[in-house]
Structures are given as C-alpha cells and as structure tokens.
Amino acid sequence: MKKMAQILYFSLLVIALCSLSEGIQRRYHYINMNMNWTEAQRYCRENYTDLATVKNINDMNELKKTVNNKPMYVWIGLKRTDVYKWKWSLGDPVKYMNWETEPSTDTNNCAVMRNGTWHQQKCIDKLGFICYNDELILIQENLSWTEAVRYCRENHVDLVSVDSEKIQLMVTEVLHQASTAEVWLGLRHSCSVGIWFWVNGEIVCYDHWAPGNETDVDDCEREVRSGAVQSGGDHKWISHPESKQLNFICRRKKK
Ligand SMILES: *[C@@H]1O[C@H](CO)[C@@H](O)[C@H](O)[C@H]1NC(C)=O
Ligand SMILES: *[C@@H]1O[C@H](CO)[C@@H](O)[C@H](O)[C@H]1NC(C)=O
Ligand SMILES: *[C@@H]1O[C@H](CO)[C@@H](O)[C@H](O)[C@H]1NC(C)=O
Ligand SMILES: *[C@@H]1O[C@H](CO)[C@@H](O)[C@H](O)[C@H]1NC(C)=O
C-alpha cells in the first residue's frame, strides 16, 4: 500500500514537472525606423535572425499582432530573385503566399505587408520593418557533448531541451544545414539513476527515440551516453557516447 502511494506520488510529480515546460517560439519584432529593404535586412541580421519569414497563417497572424493590427506598410523578408520568382531573405522557397494582387513583372522587387496581405514595393523606399528571432541556432562545429554544452552556455543560453513536439518541429527546421548525420541535443543519461534527462533539469516527457536507443545504455559505466537527433529521415533521437564529435543546437537568448 505504501509502495502504491509512492508510485502515485511520483506519477503526480512527473505530470507536474512535464506541464511546467516553457515553449520556444519564433518571435517577430516591429522596428519603427525607416530603412530601405537592404538596410532593413542588415539591421535584422545583425540584431536578430533576419527579416520576417512567413511560413503559414499562424505566422501571418503573429506578424499582424506585432504592428497591433494597424494597417501600415512594413517590410517583410520577401524579394524577387527572377522575373517570376520570389524568395525569402534566407533563401527559403516561398510556400505560403498571401498577395493582395498577383505580383506584376514591374521593377517593384521587394514585398511589404499591410493588414496581413502582401504588396510589391520599390526596394529603395524607406519603411519600418519586421525582424524575427529564431530561438534555436545550429552550430556547425564538431564538438563532444560536454564541449557543446560549454559552447552554448558561453555564447548563447544552453544546449536545446526538446520538451515538446513543437520544439522538435523547430529543431527539424534548423537541421537542414547540419554537416553531421546526427546533431547533439541537451539530452543526457544518468547511469546511476538509470534515466534520461534534459540539461534544463526536466525529465524526459515528450520523446522521439529511434527504436532501441532509449534503452541502449549498456556501457554507460565506461562512458556517459548523450542524446542526438538525426539530421535527416524522421529526425529520431539516437544515443551516443558523449565523446562523439557532432554539430549541435543551442537555445538563444530572448530579445
Ligand atoms: C543593431 O541595433 C543597434 C541598436 O539599435 C544599432 O545601433 C545598429 O545599427 C543595428 N545594426 C545594424 C546593422 O543596423
Ligand atoms: C539602401 O541604402 C543604402 C545606404 O543608404 C544604399 O547604399 C543602398 O544602395 C540602398 N539600397 C537600395 C536597394 O536602395
Ligand atoms: C564535421 O564533420 C563532418 C562529418 O564528418 C564533416 O563533413 C565536416 O566538415 C566537419 N566540420 C568541421 C567544421 O570540421
Ligand atoms: C538506434 O537507432 C538507429 C537508427 O534507427 C539504429 O540504426 C540503431 O541500431 C539503434 N540502436 C540500438 C542500440 O538499437
């Protein structure tokens, strides 16, 4: 009976810990300074991640909120690269589109947003703009898990803790630039306690393990195991000895 109560208590504790996890989001920032498109891009790249990229209707709604739903024209990170081709500032193809009118082939080669729809605009015009900040950054250096933690803590906040499906999705967005087949996460195994935990102190609630890897800890006495995510495929989590040299993902400071 006592044991039963203990198990129940532990389960409740786990639920409580799991529900405390704090989300990571793409953040948009309205910059109330008039600049041409190129200057605005430089400003965003230096102080944030880039000019705003819009992937779906949710992003669009967030974007509208950053200007308090005011009907003003602001630069977004969309530019014409060819007569019929538009691209996001970081080179991503345009999948979600919301033009007020079909873009014409004139020389208005940059895009502004107003009221949630997009319009063509001359790139030399000076307007306010919206930057975005990804809270995750892929570091293309090959380091051991412990070195990766140190790097993230010195330069950013910490190695990323993937405590929800939402964060797993954000992780997959930065993975395409990885140069190693797997990339370190802030996932660590405790050999003595026999559990996996995140560097932010949380135990693992949401998980995305590749089959067999969660329990593949046989030689953990010899070397601590840590968790990485596959750069390709289904982006499953893999267990590796911590000395393996991999790219890694840091969580950035909030702005
Ligand atoms: C970044 O922000 C600072 C402070 O607002 C500003 O002085 C600086 O010029 C910005 N960087 C660029 C490239 O505009
Ligand atoms: C934007 O402004 C900068 C600095 O004033 C200038 O050098 C550049 O040519 C302008 N770019 C465009 C596309 O107008
Ligand atoms: C990291 O390792 C990968 C795969 O072995 C290699 O292709 C890449 O060039 C390495 N990167 C650095 C910065 O050494
Ligand atoms: C971990 O997952 C990978 C990819 O699915 C697989 O090749 C490997 O055998 C797994 N490790 C163990 C110990 O099952």
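The first residue of the sequence shown is numbered 1, and numbering continues consecutively from there.
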**Asked** Within a reach of under 6.0 Å around CD of E165, are more than 12 heavy atoms found that belong to other residues, nucleotides or ligands?
**Response** no
**Request:** Would you please test R27 and T66 for side-chain hydrogen bond (donor to acceptor under 3.5 Å, both in side chains) and show each step?
**Result:** CA-CA 9 Å; R27 278 151 212 269; T66 60; over 6 Å; no
**Item:** side-chain contact (heavy atoms from CB on, under 4.5 Å) partner of W184, chosen from C152, C250, S226
**Value:** S226
**Request:** Please determine, by modelled atom types, if R251 and S161 share a side-chain donor-acceptor pair under 3.5 angstrom.
**Result:** no
**Prompt:** Roughly how far apart are E62 CD and K65 NZ, rounded to 0.5 Å?
**Reply:** 4.0 Å
**Message:** With a sphere of 6.0 Å drawn around NZ of K126, does it hold more than 12 non-hydrogen atoms of other residues, nucleotides or ligands?
**Reply:** yes
**Prompt:** Any ion pair linking R222 and D219 (charged N to carboxylate O, less than 4.0 Å)?
**Reply:** yes
**Prompt:** Under 3.5 Å, is there a donor-acceptor pair linking the side chains of N247 and S179?
**Reply:** yes
**Item:** NZ/K236: more than 12 non-hydrogen atoms of other groups inside 6.0 Å
**Value:** yes
**Request:** With the side chain counted from C-beta on, respond yes when M113 and V54 share a heavy-atom pair under 4.5 Å apart, and no when they do not.
**Result:** no
**Asked** Do E242 and T146 pass the side-chain hydrogen bond (donor to acceptor under 3.5 Å, both in side chains) test, and can you show the C-alpha distance, the side-chain angles, and the key distance before you say yes or no?
**Response** CA-CA 7 Å; E242 64 161 1; T146 311; 2.9 Å; yes
**Request:** Would you check if there is a donor-acceptor pair between the side chains of Q120 and D106 at a distance under 3.5 Å?
**Result:** yes
**Fill in**
Nearest heavy-atom contact between T180 and S231 is O-OG, 2.5 Å
**Message:** Tell me if a side-chain donor or acceptor on E39 pairs with a main-chain N or O of N34 at a distance below 3.5 Å.
**Reply:** no
**Item:** Rounded distance [0.5 Å steps], OH in Y43 versus CD1 in I31
**Value:** 4.5 Å
**Request:** Please report the shortest heavy-atom distance between I139 and H156, naming the atom on each side.
**Result:** CD1-NE2, 4.2 Å
**Item:** Residue list, ring-ring contact (aromatic ring centres under 6.0 Å, His included) with W209, at least two apart or on another chain
**Value:** W196, W237
**Item:** Candidates L185, L187, D158 - the one meeting side-chain contact (heavy atoms from CB on, under 4.5 Å) with V199
**Value:** D158
**Asked** Would a line drawn from the ring center of Y151 to the ring center of F248 be shorter than 6.0 Å?
**Response** yes
**Message:** Tell me if a side-chain donor or acceptor on D82 pairs with a main-chain N or O of K85 at a distance below 3.5 Å.
**Reply:** no
**Item:** T53 side chain to W88 backbone, donor-acceptor under 3.5 Å
**Value:** no
**Request:** Validate the cation-pi geometry between R114 and Y73: distance from NZ or CZ to the six-membered ring centre under 6.0 Å, angle to the ring axis within 45°.
**Result:** yes
**Request:** Report yes or no: do E182 and H240 form a side-chain donor-acceptor pair below 3.5 Å?
**Result:** yes
**Asked** Have S243 and E223 got a donor and an acceptor in their side chains that come within less than 3.5 Å?
**Response** yes
**Side chains of T81 and W86 in contact at under 4.5 Å (non-hydrogen atoms)** = no
**Request:** Go through the side-chain N and O atoms of R45 and S89 and say whether any donor and acceptor fall under 3.5 Å apart.
**Result:** yes
